[in-house]
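Numbers for residues simply follow the sequence, beginning at 1. None of these values were measured; they are calculated from a predicted model.
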Amino acid sequence: MTSTRLLETPPEELVFGGQHSRGMASDVSAVPRGVLGPSTPPAAVWPPLDFALGALACCAACVFTNPLEVVKTRLQLQGELRARGSYQRHYRGVLQALWVVGRTDGLRGLQKGLSVGLMYQGVMNGVRLGSYSYCEALGITSFHGGSLLSGAGAGAVGAFIASPAYLVKTHLQAQTVEAIAVGHQHNHLGVFDAFGTIYRRDGVIGLWRGVNGAVPRVMVGSAAQLATFTSAKGWVSHTQWFTPNSWLIALIAATISGVAVAISMTPFDVISTRLYNQPVDEFRRGRLYRGFSDCMLKVCRSEGLLGLYKGMGPVFLRLAPHTMLSMLFWDLMRQQSVKDNRS
């Protein structure tokens with residue numbers, strides 16, 4: 001899930017008194033940008049190309065982080081609506097869960113749902129990152145609070161459009177052998193079978209089941225991620241601990257952003273996973289939850305407040321590298337695109 005302004009203004013474009021000033025470049029780029037404060041627009045990239053670059057960057061990151069997504073889904077479904085200690089715990093942590101899945105389902109089990117996950121990442125983040133970049137080009141992020149609002153709005157649009165892919169991804173990643181199964185098992189034969197089964201049973205609307213949990217999830221996560229990554233990257237650059245444009249700056253900023261997103265988004269992530277994976281009755285209504293607020297209340301009553309933070313470990317471990325990888329990939333591709341346009 002991830003993007004921000006990664007392209008700093010090149011030193012040769014900063015002119016003072018008719019002369020190029022490289023000294024001023026470091027001073028200007030080192031000033032940290034606040035979460036709610038104004039920001040400087042990045043170098044322009046053709047919007048359709050920016051959509052494609054954002055999608056490609058996040059798909060590349062998804063290949064490496066998908067096993068953590070599988071583990072996160074299992075942990076969030078484990079002990080659904082049951083009090084702590086009243087159910088068998090198949091998964092006891094990130095590393096143990098990775099071992100159990102790999103031992104039982106094989107290496108392919110750790111990449112369950114990868115194809116539809118790539119579809120989701122491409123559509124959702126292509127729309128999200130491209131829309132956020134377009135907001136930057138329009139100058140919306142230059143207003144106070146513009147970065148948060150742009151991130152939330154871009155995330156909401158991306159989450160809504162890509163919701164069917166996330167629905168199928170959740171179903172497939174929850175599926176496993178009975179010995180370690182958690183949550184409802186939909187038993188799809190594959191991606192296309194899952195889409196076809198859901199469509200034949202629930203119609204087009206059924207493909208957007210659970211979207212009421214996905215939109216607030218991505219809105220909160222996107223706003224927190226885009227704003228905190230930008231602010232953290234500016235702060236780390238300002239400290240001058242590393243050379244300008246060092247990958248370590250992006251790594252530290254991604255780690256800080258990952259903490260903020262994991263804390264703020266995990267409750268929404270748990271609710272979203274539950275709404276997507278729940279079975280439906282003959283009237284096409286969810287058997288366990290009536291909606292977002294009903295799910296949140298039932299989880300808190302049955303599992304306690306900590307039930308909303310199930311799977312927080314893999315959420316964070318996935319977000320930090322996913323943020324860093326997607327940001328770095330997007331940064332490199334956008335820089336190359338700008339260089340090609342200038343040449």
Original post:
Could you walk me through whether V211 and Y166 pass the side-chain contact (heavy atoms from CB on, under 4.5 Å) check?
Top reply: CA-CA 9 Å; V211 71; Y166 197 91; over 6 Å; no

Subject >> Audit row: F242, I252, side-chain contact (heavy atoms from CB on, under 4.5 Å) steps and yes/no >> reply: CA-CA 11 Å; F242 310 103; I252 295 175; 3.3 Å; yes

**OP:** For N277 and H171, run side-chain contact (heavy atoms from CB on, under 4.5 Å): C-alpha distance rounded to whole Å, both residues' side-chain angles, the deciding distance at 0.1 Å, then the answer.
**Re:** CA-CA 6 Å; N277 195 64; H171 287 189; 3.9 Å; yes

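Looking at residues two or more places apart in sequence or on another chain, you find no salt bridge (charged side-chain N to carboxylate O under 4.0 Å, His left out) involving R84. In this view, S115 satisfies the side-chain hydrogen bond (donor to acceptor under 3.5 Å, both in side chains) rule with no residue, not counting sequence neighbours. In terms of the side-chain contact (heavy atoms from CB on, under 4.5 Å) criterion, residue partners of A60 (sequence neighbours excluded) are, by chain and number, F329.
Between H186 and H188, the ring-plane angle classifies as parallel under the 30° and 60° cut-offs.
Note on E69 versus R318: salt bridge recorded, some NZ/NE/NH1/NH2 to OD/OE distance being below 4.0 Å. Note on K310 versus E303: salt bridge recorded, some NZ/NE/NH1/NH2 to OD/OE distance being below 4.0 Å. Look at D105 and R74 and you find a salt bridge, because one of the NZ, NE, NH1 or NH2 atoms lies within 4.0 Å of a carboxylate O, short of that distance. Note on R287 versus D281: no salt bridge recorded, every NZ/NE/NH1/NH2 to OD/OE distance being 4.0 Å or above.
Residues Q173 and N66 bring a donor and an acceptor atom of their side chains to less than 3.5 Å of each other. Defined by atom type and a distance below 3.5 Å, a donor-acceptor pair is present between the side-chain atoms of D269 and Q76. With 3.5 Å as the limit, one finds a donor-acceptor pair spanning the side chains of T228 and S257. Between Y134 and S150, the side chains place no donor N or O within less than 3.5 Å of an acceptor N or O (distance only, hydrogens not considered).
A side chain to side chain contact (heavy atoms under 4.5 Å, CB included) with R209 is found for one member of I198, L275, D202 and no other, namely D202.
Looking only at side-chain heavy atoms (C-beta outward), H184 and L77 stay at 4.5 Å or farther from each other. The side-chain heavy atoms of V100 and R92, taken from C-beta on, include no pair separated by under 4.5 Å. At least one side-chain heavy atom of L308 sits less than 4.5 Å from a side-chain heavy atom of I271.
Taking each heavy atom of G307 and V299 in turn, the nearest pair found is C-CG1, 3.9 Å. Between G291 and N212, the shortest heavy-atom distance links the atoms CA-ND2, 3.7 Å. Across all non-hydrogen atoms, the minimal contact from A262 to F316 is CB-CB, 3.9 Å. When all heavy atoms of A165 and F195 are compared, the pair lying nearest together is CA-CZ, 4.2 Å. The two residues M124 and A159 come nearest to each other via the heavy atoms CG-N, 3.8 Å. Shown here for Y289 and Q278, the closest heavy-atom pair between the two residues is N-OE1, 2.8 Å.
The main-chain N or O of K169 is never found under 3.5 Å from a side-chain atom of Y276 such that the two would form a donor-acceptor pair.
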